[in-house]
Q: 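Supplied in structure tokens, the structure appears directly below.
Naming: A, B, ... by sequence-line order, numbering from 1 per chain.
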Amino acid sequence: MAQEIPSRYDHKESEPRIYNLWEKSGYFNPDNCVKDGIVKKDAEVFSIALPPPNVTGTLHIGHAYEDAFQDIAVRFNRMRGKRTIWVPGTDHAAIATQAKVEKDLIKTEKKNRFDLGREEFLRRVNDFAKASHDVIVRQIKRMGASLDWSREAYTLDEPRNLAVRTAFKKMHDLGLVYRGNRVVNWDPKGQTVISDDEVTHEERKAKFYTFRYSKDFPISISTTRPETKVGDTAVAVHPKDARYKKFVGKTYEVNFVGVPLKIKVIADETVEKDFGTGALGVTPAHSMIDWEMAQRHKLPLVQVIDERARMLVDGPFDAAQGKPILQGMKTIEAREWIVEELRKNGLLEKEEEVAQNISVSERTGGVVEPLPKLQWFVNVNAKFQIPPARRSLGAGGNSKFKSIKGGEKITLKELMRRVVESGEIKIMPERFEKVYFHWIENLRDWCISRQIWFGHRIPAWFCLGCGTENIQQKSEARWFLVRHGQSKFNKEKISQGQMEGNPLTTEGIAQAERVADQLKNENIGLVVSSDLERCKMTAEIIAEKTGAKIIFDKRLRERGLGIAEGMARGERERIYGDIMKDYENKIPGGESWQELEKRLSEVLVDHLKDHEHKNIVVVSHGAPINFLVGKMKNIQSREIISQPIPKNSEVLELIITEPCRKCSGHFYEQDPDTFDTWFSSAMWTFSTLGWPAFAETATAGKPGPENDLANYHPTSLMAPGYEILFLWVARMILMSGCLLGEIPFRRVVLHGIVRDAQGKKFSKSAGNGIDPLFLADKYGADAIRMALIVGTATGNDVKFDENRVKGYRNFSTKLWNIARFVLSNKPADLRRHERGLTQTTNAEHKQNIEELENIKKSITEHIEAFEFHLAAEKIYHYIWHTLADKIIEAEKKNLKDGDASQKAESYALLEHLLLESLKMLHPFMPFVTEEIYRKFRPDRLLMVEKW
RNA sequence: GCGCGCUUAGCUCAGUGGUAGAGCACUGCUUUUACACAGCAGGGGUCCAAGGUUCAAAUCCUUGAGCGCGCACCA
């Protein structure tokens, strides 16, 4: 017997094979467990959503820890007979992924996202995300995670998009989402707004300047950012500050380094008398605190810094450069220049070195510039009523919360606090509850819009005519205005006008094909095109790929340029430049703008009327497209002329819906912004379980994904790293609360960060990353799991040491050999001699069995208390130092010299103790335990044995 | 500034009122119905410091030191 089994356990061969076996069994899916009678239909539920890893790259050892931790809980509960579900998925991680791809792009092709354009750039990001996803899934499986892959989700897929759109609409209706002009964190490097929680602070040395705006202003102020002071509209002092009392309420007109300012002196409680001069220059546009103060005192707001962190004010005129000196200057340079001016004019009173925390974008490292911007926000202070329950279960009116009454009006802040305070959600380790409450205290409205491309597009449309917003989930029809691809004359820079025989270049054809690919799945009903060659070719390519009908409409032709057609563009500009810009005038033989406008004016109306519910592609030329759009936007004809024309093959997407309630316009343009990635991941616990598609119909107790929401939500456990307590955990509570009226999970167990032997965080930039796949091949996934779990109290950081992995690899060999030994002693005619363990008369054996039962009880308790490290250590210790070192050694004599029935009794004891030990070890080391178990019970799966 | 965590064997860390623990490393011995990725035996700790509570403190309390972290911000 023993000879057939090698003395070493081959984890590299075994682990993938065993995982395959589990997957094939289908028992990661609770529906199958119920179907096969492994768990009862009405058994208790244990459900958990995997915190979806970002598709920004591959997994590191920290993910392995997170997965192992959850898998222990999942396997334990499954063996305890619960209907256990663990839902996998990945996160598109909007800004992180986009930043990663853009960085690579700049490095390899020296292009940024704007050079590539939205469509092409997104294609690259999606390719990258797909590749990451595939590696990630392979890694997760390699670690043995028993996830129900049939329910795999992605935060950017279609069901999750529906969830995002539905949530946005619902929250808007509840008054929890609004669009407003507020000071936000602008990341000049990423060119997007970021939320407060994506900002980190770095300590740097800074100069702290004390000065007066001008000689005739009575109060000195201090700042580390003098360049923002050109945007000051007030000086704030403490109401009880005797020094300044006499100035409060007065307004001064001052000239600050050549910039005229109107400064009102105000009194505000938040000003500290003892700091600096006790007076604070208020810059409402470029400081969160000042903005809030400005709101209280109704101060005007002057923006003086732009999105590229350059100055937006003039200052004195610089004759040498022929422009106002500050205009367009970088903030740092402006600071130096202003300080120098103050010094020259004797206004600078003090200059001190201070340590200052500056705000930095967590993702891009850009120094955050507070700017006033029109963005979408979640209002955390607005009262609302929990919406009607999606399932008509139990009492409590509209609320399924234990701690919130039905019909009660509550703010999101209060809701988030209440459910944790009341213990409805329990956060472990407990110290994080305090951290959580503290965060809520300081919480501001959550900015959810981002100026990046990769993500869920915000489902808000603005009327082209008047800008009125319209939030809805589906449009009646869409129009795509497309300029033709590059033509021969475009390339050669020759005036085309209405000339015949000017086909697309190879590049132009490729452009048209790209557009066609993009429109392929848009259900295009009709292509309407100018009949000129370059449009015709473009339209035909689009029609072919989309399967739409084409009609040609002469009225969509380019403006006629008469005798200038065929002329080099430069020459035309020289001769007819003025005429080209004139509304009424025209080149001989050509058309005036007025005439062009006239022939286009009917086009919109006609096609709107004739093809009411169709998605239409309109292929035309630069000038006509500008006029069409200009008309929709109600722009003056003369202004349209000076608008830049779209690029070759550029697509403008519009939706058509019921006429605007303000201006009766039909055309709407979608908000170009996307959602904060956390907006979609905040719905993870329920968007993965069928919300909103099955929100109304899900039925508890029935199998199938369409009933998941009723069966598995709220989830039982959430186990992310503590670093995303605010970013994610808190927001899941928020979203589940206002959208479902219930908690997303009953318990949160936060784990620490895995660090390297030096205590440093693993990161790609530090180059200390360890590929879990490499380690798994070397020592086995089981060994990695044990090394990560044992020796780390839940919630503490893990210092990762490869030596420990090696130690647990040795343990799996030990276990393997225990099994080998036991098996080698299996009597051929076991049955005949078996007396049954419960009837054993051997006192020592009885004691062995009792000891095992005690160990089992204690391990069960540890696991239930999420003390996995203690449970793992205990079973490890039992197997090695009790079962192997003591019990087996003691039985050897019997096995060698005993009679047949004694041998059988010894064997039965050892087999029992071993198999029970395998069960207890299985959640921690699933592979080797399953492999060994099958040597004893070839027709069974340890994974679903009863604990 | 407010808050949190850590400080235990050479290293990495468990233990949280009842005679100090694990892994790795170290020393010596041992091929024995499995396992040398093993067994047996062993060395190594004033449990950061000081004070307090207690019959009893690594464990609870107070103060302090060093390291690390979070939040807020001084404008």
Q: Which one, B:U33, B:C37, B:A72, comes nearest to the side chain of A:Asn442?
A: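 Looking only at heavy atoms from C-beta outward on A:Asn442, the closest nucleotide is B:A72.
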Q: Can a salt bridge be assigned to the pair A:Asp241 and A:Lys273 using a cut-off of 4.0 Å between side-chain N and carboxylate O?
A: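 No salt bridge links A:Asp241 with A:Lys273.
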Q: For B:C71, take OP1 and OP2 only and decide whether either is under 4.0 Å from a side-chain N or O of A:Asn357.
A: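 So the side chain of A:Asn357 is outside the cut-off, no N or O lying under 4.0 Å from OP1 or OP2 of B:C71.
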Q: Over all strands shown, is A:Tyr876 touching base, sugar-phosphate only, or nothing at heavy-atom distances under 4.0 angstrom?
A: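 Result for A:Tyr876 = sugar-phosphate.
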Q: At under 4.0 Å between heavy atoms, what does A:Gln356 touch on the DNA or RNA strands: base, sugar-phosphate, or nothing?
A: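 Sugar-phosphate, backbone atoms only, no base.
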Q: Between A:Asn810 and B:A38, does any side-chain N or O lie under 4.0 Å from OP1 or OP2?
A: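 True: A:Asn810 side-chain N/O within range (under 4.0 Å) of B:A38 OP1/OP2.
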Q: Does A:His869 place a side-chain N or O at less than 4.0 Å from the phosphate oxygens OP1/OP2 of B:G15?
A: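 Yes.
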Q: Does any donor atom in the side chain of A:Trp446 or A:Asp197 lie under 3.5 Å from an acceptor atom in the other side chain?
A: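 Side chains of A:Trp446 and A:Asp197: no pair found under 3.5 Å.
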Q: At 4.0 Å (heavy atoms only), tell me whether A:Asn803 reaches a base, stays on the sugar-phosphate, or touches nothing.
A: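 Here A:Asn803 touches the backbone only, sparing every base.
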Q: Both A:Thr283 and A:Arg431 contact RNA chain B. Which one's nearest nucleotide lies toward the 5' end?
A: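 Nearest nucleotide further toward 5': that of A:Arg431.
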Q: Whether A:Arg8 contacts B:C37 is assessed here as follows: a side-chain N or O lying under 4.0 Å from the phosphate OP1 or OP2. Is that the case?
A: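 A:Arg8 to B:C37 OP1/OP2: side-chain N or O found under 4.0 Å.
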Q: Base, sugar-phosphate alone, or nothing: which one does A:Asp797 contact when heavy atoms must sit under 4.0 Å apart?
A: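 No contact at all - A:Asp797 keeps every heavy atom at 4.0 Å or more from the nucleic acid.
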Q: Indicate whether OP1 or OP2 belonging to B:C35 is found under 4.0 Å from a side-chain N or O atom of A:Arg820.
A: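 Yes, A:Arg820 has a side-chain N/O under 4.0 Å of OP1/OP2 on B:C35.
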Q: On the nucleotide B:C13, are OP1 or OP2 found under 4.0 Å from the side-chain N or O atoms that A:Lys799 carries?
A: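 Answer yes for this pair, as a side-chain N or O of A:Lys799 is under 4.0 Å from OP1 or OP2.
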Q: Please state whether the phosphate of B:A34, meaning OP1 or OP2, lies under 4.0 angstrom from any side-chain nitrogen or oxygen of A:Lys814.
A: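 So the side chain of A:Lys814 is outside the cut-off, no N or O lying under 4.0 Å from OP1 or OP2 of B:A34.
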Q: Side chains of A:Lys229 and A:Thr223: do they bring a donor and an acceptor to under 3.5 Å?
A: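 Side-chain D/A pair, A:Lys229 to A:Thr223: absent.
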Q: Touch check for A:Thr813, heavy atoms < 4.0 angstrom, all strands: base, sugar-phosphate only, or nothing?
A: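 Base, at least one base atom sits under 4.0 Å.
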Q: When you compare the side chains of A:Lys874 and A:Ser858, does any donor N or O come within less than 3.5 Å of an acceptor on the partner?
A: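 Note: A:Lys874 and A:Ser858 side chains meet the donor-acceptor criterion.
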Q: Report yes if a side-chain nitrogen or oxygen of A:Thr224 is closer than 4.0 Å to either non-bridging phosphate oxygen (OP1 or OP2) of B:A75; otherwise report no.
A: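 Checking B:A75 against A:Thr224, a side-chain N or O does come within under 4.0 Å of OP1 or OP2.
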Q: Using atom C1' in both nucleotides, what's the gap between B:C48 and B:A36 to the nearest angstrom?
A: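 Straight-line distance between the two C1' atoms is 40 Å.
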